[in-house]
2 protein chains.
Amino acid sequence: MTCSINYAPRLRAQGLRVTPQRNAILHVLHHSGGHLSPTQVYERARQEFPSLTEPTVYRTLEDLAEKKLLLAAHVGNGKIVYELAETQHHHLICHKCGNTVEVDHAPLELLYHQFESSTGYKLDSSHVTFFGLCPDCQS
Amino acid sequence: MTCSINYAPRLRAQGLRVTPQRNAILHVLHHSGGHLSPTQVYERARQEFPSLTEPTVYRTLEDLAEKKLLLAAHVGNGKIVYELAETQHHHLICHKCGNTVEVDHAPLELLYHQFESSTGYKLDSSHVTFFGLCPDCQS
DNA sequence: TTCCTTATTGCAACTTCTTACAATAGTAGA
DNA sequence: TCTACTATTGTAAGAAGTTGCAATAAGGAA
Ligand SMILES: [Mn+2]
Ligand SMILES: [Mn+2]
Ligand SMILES: [Zn+2]
Ligand SMILES: [Zn+2]
């Protein structure tokens, strides 16, 4: 609850104002440790800041992701989850059981250079989602 | 409208019954040529089959994608679009302007083998979405 | 053809997500 | 401090997507 981490500098560095709504949302994501859906963020952040509303949660998550404070991950069927942007990694997701594995970005470097030089795009180095079947679900 | 293509064999091959709802949905996707959102599919397929309902559209799109007759693509912010499964390809999407580029699967083969042997997953060879900035949006 | 089984659909209610706009409150500057 | 500017938020309404269950109809067997 009372937590030593101060998000103000990171918000200001991105030209964003420091509001209690943003602090509550960042605080919740920090303490969850993992990926949370907007609904989960809303329910938990409301504990610390009861007047928080749903539109604010959705807008804040999008804004903070755009400013690279958060990472958004697609986990299938249009569901999105968010986490604090800390490590560079991607996801392998089983589309049968939903099981998820994290993989490093390094093995994608070569591919990224190919794509970037052939298309002119500059690609994000985090949170690509690969779908497939996990070992358990292949039988 | 009256279109020579018959989807019945492909449906039966997957153990699915042939219904006018499924035919209308497949027909719409065939004639659109590209990616359509569930809402777009619903609006168009309703022209040919007016009693069609939303839950049927959502369920059908998911079912047909699961049986590999369709491909689902994540296009950002939890939006999903579908298309007929014909070619193997992936997408590069600009998260500023939404512009999309298709890329071949071939350059991913090596990466896939690495991931598959290190994790045991068997990955889908189509419709991975890479996000980034297109050439126009980088300035 | 007719009957039977059950996959598929429609219905109704609900949850999640979005939007436009007015009210609020950070923050920079006087 | 106080003020002014405007980013951010809340409100209210609507759109999109989901769920459980009862009704329907596709397809196999007689
Ligand atoms: Mn992650
Ligand atoms: Mn595609
Ligand atoms: Zn699995
Ligand atoms: Zn762009």
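Throughout, protein chains are lettered first and strands after them, A, B, ... in sequence-line order, and every chain is numbered starting at 1. Bear in mind the structure is a predicted one, so any value in this text is a computation, not a measurement.
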Heavy atoms, side chains only, cut-off 4.5 Å: are B:His89 and B:Asp104 in contact?
no
What is the distance from CD of A:Gln40 to P of C:dT16, rounded to the nearest Å?
11 Å
Suppose we call two aromatic rings close when their centres sit under 6.0 Å apart. Are B:Phe115 and B:Tyr121 close by that rule?
no
Just compare D:dG17, C:dT8, C:dG10 and give me whichever is closest to any side-chain atom of B:Leu52.
C:dG10
Nearest-nucleotide 5' precedence on DNA chain D, B:Thr19 against B:Pro55
B:Pro55
Nearest to the B:Thr39 side chain among C:dT18, D:dT11, D:dA16, which nucleotide is it?
D:dA16
Under 4.0 angstrom between A:Lys79 side-chain N/O and C:dT15 OP1 or OP2:
no
In whole Å, what is the span from the CD atom of A:Glu43 to the P atom of C:dT15?
11 Å
OP1 or OP2 of C:dA28 under 4.0 Å from side-chain N/O of A:Arg17
no
Integer-rounded Å distance: D:dA26 C1' and B:Asn23 CG:
12 Å
Taking for B:Gln21 and for A:Pro20 the nucleotide of DNA chain C with the nearest heavy atom, the one nearer the 5' end belongs to B:Gln21
At under 4.0 Å, does any side-chain N or O of A:Thr53 touch on OP1 or OP2 of D:dG10?
yes
Length of the CG-C1' vector between A:Asn77 and D:dA16, whole Å:
14 Å
To the nearest angstrom, how far is B:Arg46 atom CZ from C:dT9 atom C1'?
16 Å
Quick check on DNA chain D: between B:Glu62 and B:Leu16, whose nearest nucleotide comes earlier from the 5' end?
B:Glu62
Is there a side-chain polar atom (N or O) of A:Arg59 under 4.0 Å from OP1 or OP2 of D:dG10?
no
One pair to check against side-chain hydrogen bond (donor to acceptor under 3.5 Å, both in side chains): B:His95 and A:Asp124. What are the steps and the verdict?
CA-CA 10 Å; B:His95 50 227; A:Asp124 295 344; 3.2 Å; yes
Expressed as a whole number of angstroms, how long is the span from A:Phe49:CZ to C:dT24:P?
14 Å
Rounded to whole Å, CD of A:Gln14 lies from C1' of C:dG26 at a distance of 18 Å
Taking only side-chain N and O atoms of B:Arg22, does any of them lie within less than 4.0 angstrom of OP1 or OP2 on C:dT8?
yes
So, do A:His35 and A:His127 have ring centers that fall under 6.0 Å from each other?
yes
Please state how far atom CD in A:Glu54 lies from atom C1' in C:dT19, giving the value in whole angstrom units.
14 Å
Main chain of A:Asn23, side chain of A:His27: is a donor-acceptor contact present, judged purely on distance under 3.5 Å?
no
